[in-house]
Amino acid sequence: MRKRILGSLPIAIALMSIPFVAKGEGPGYMVVVDKEGQQYETAIPDVAKVDFDTFSFTVQTKSGDRTTYDYEKTARINLAASSGISLQEKDVNLAVWPIPATTTLNVRGAATGSIIRIYDMSGAERMTCATKDGITSLDVSGLTAGQYILHTGNTSVKFIKK
């Protein structure tokens, strides 16, 4: 249990630096992405506090609304100067999970038939495939451990391969 709480300390530290993250580029957003790729977005100025517990964390807004997220169901939390969705095409809600990936990387929200390209950090293309309707699962077991960029359409997402 102690490991779970300590594992959320980087999130707490990141949340303390929110005014810096959001400076000059709009209100800033906290986006919680679950393991199915669903995104839950809260404008940073609306966040009153975030409480970290043993198995979950709770985001409380200034209006008093509270949303609790289980660590087991949460893939990641993004803190950005603008909505994470703004990095994508207007009609696309691209989700990539799990991060870090070990054998399979799932992609949801890319246009059916569009090309997904994976590049290593030197810019070399390592994989290419066409998306399917719904969720596209990529076999990344052949990639060496490290950081990669997944690119589809005009959207790029950084991910880690374990």
Side-chain angles (χ1 to χ4, degrees), residues 3-4 7-15 18 21-22 25-44 46-47 50 52 55-59 65 67-162:
K3 182 179 179 185
R4 179 67 76 191
S8 56
L9 284 178
I11 296 169
I13 292 167
L15 288 172
I18 286 171
V21 172
E25 294 189 37
Y29 289 86
M30 175 180 178
V31 182
V32 177
V33 182
D34 68 20
K35 290 187 177 177
E36 294 179 4
Q38 183 66 41
Q39 296 185 20
Y40 304 92
E41 185 177 305
T42 304
I44 290 173
D46 295 338
V47 176
V50 179
F52 297 94
F55 299 103
S56 63
F57 64 98
T58 301
V59 177
D65 294 332
T67 306
T68 300
Y69 303 95
D70 292 336
Y71 293 128
E72 294 295 322
K73 295 179 182 176
T74 302
R76 67 184 181 277
I77 299 172
N78 296 332
L79 300 174
S82 60
S83 165
I85 296 170
S86 70
L87 298 175
Q88 298 141 23
E89 297 173 36
K90 290 180 183 177
D91 298 325
V92 176
N93 188 8
L94 190 70
V96 177
W97 78 96
I99 297 179
T102 52
T103 58
T104 303
L105 185 69
N106 299 300
V107 179
R108 184 180 71 187
T112 302
S114 64
I115 302 298
I116 294 175
R117 299 179 193 282
I118 295 180
Y119 300 94
D120 64 20
M121 296 312 283
S122 72
E125 185 177 284
R126 297 296 176 195
M127 286 181 67
T128 302
C129 74
T131 60
K132 301 174 188 148
D133 190 23
I135 297 172
T136 301
S137 295
L138 307 172
D139 179 5
V140 294
S141 60
L143 296 174
T144 58
Q147 295 182 21
Y148 292 87
I149 302 291
L150 178 142
H151 181 79
T152 183
N154 63 2
T155 305
S156 295
V157 177
K158 186 174 175 183
F159 73 95
I160 297 170
K161 162 65 169 72
K162 265 188 169 178

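- A donor-acceptor pair under 3.5 Å is absent between the side-chain atoms of Gln38 and the main chain of Ala95, judged by distance alone.
- Taking OG1 of Thr68 as the reference point, atom NZ of Lys73 lies at 11.5 Å (rounded to 0.5 Å).
- Separating the CG atom in Leu150 from the OG1 atom in Thr155 is a distance of 9.5 Å, to the nearest 0.5 Å.
- Considering CD1 of Ile118 and OG1 of Thr152, their distance stands at 10.5 Å, rounded to 0.5 Å.
- Within the structure, the salt bridge (Lys or Arg N to Asp or Glu O under 4.0 Å) test picks out no pair touching residues 148-162 (sequence neighbours left out).
- Put simply, the side chain of Lys35 gets close to the backbone of Glu72: a donor and an acceptor are under 3.5 Å apart.
- Here ring-ring contact (aromatic ring centres under 6.0 Å, His included) pairs that include residues 108-131, with residues two or more places apart or in two chains, number zero.
- Using a 4.5 Å cut-off on side-chain heavy atoms (C-beta onward), Tyr40 and Asp34 make contact.
- For the side chain to side chain donor-acceptor pair (under 3.5 Å) test, residues two or more places apart in sequence or in another chain that qualify with Ser141 are Asp139.
- Identified under the ring-ring contact (aromatic ring centres under 6.0 Å, His included) test for residues 129-149, with sequence neighbours left out: Tyr148-Phe159.
- Shown here are the side chain to side chain contact (heavy atoms under 4.5 Å, CB included) partners of Lys132, two or more places apart in sequence or in another chain: Thr136.
- Considering every non-hydrogen atom in both Ala110 and Leu94, the closest pair reads N-CD1, 3.8 Å.
- Shown here are the side chain to side chain contact (heavy atoms under 4.5 Å, CB included) partners of Thr112, two or more places apart in sequence or in another chain: Asp133.
- Note that OH of Tyr71 is 10.5 Å distant from CZ of Phe55, once rounded to the nearest 0.5 Å.
- Legend: residues meeting side chain to side chain contact (heavy atoms under 4.5 Å, CB included) with Ile135, ordered by chain and number and at least two apart, are Trp97, Asn106, Arg108, Ser137.
- A search for side chain to side chain contact (heavy atoms under 4.5 Å, CB included) contacts involving Ala145 returns nothing, not counting sequence neighbours.
- Residues satisfying the side chain to side chain donor-acceptor pair (under 3.5 Å) criterion with Thr131, sequence neighbours excluded, are Ser114.
- In this structure, Gly113 and Ala130 approach most closely via the heavy-atom pair O-CB, 4.3 Å.
- Annotation: side chain to side chain donor-acceptor pair (under 3.5 Å) contacts of Thr67 (sequence neighbours excluded): none.
- Evaluation of the salt bridge (Lys or Arg N to Asp or Glu O under 4.0 Å) test over residues 111-124, restricted to residues two or more places apart or in two chains, returns Arg117-Glu125, Asp120-Arg126.
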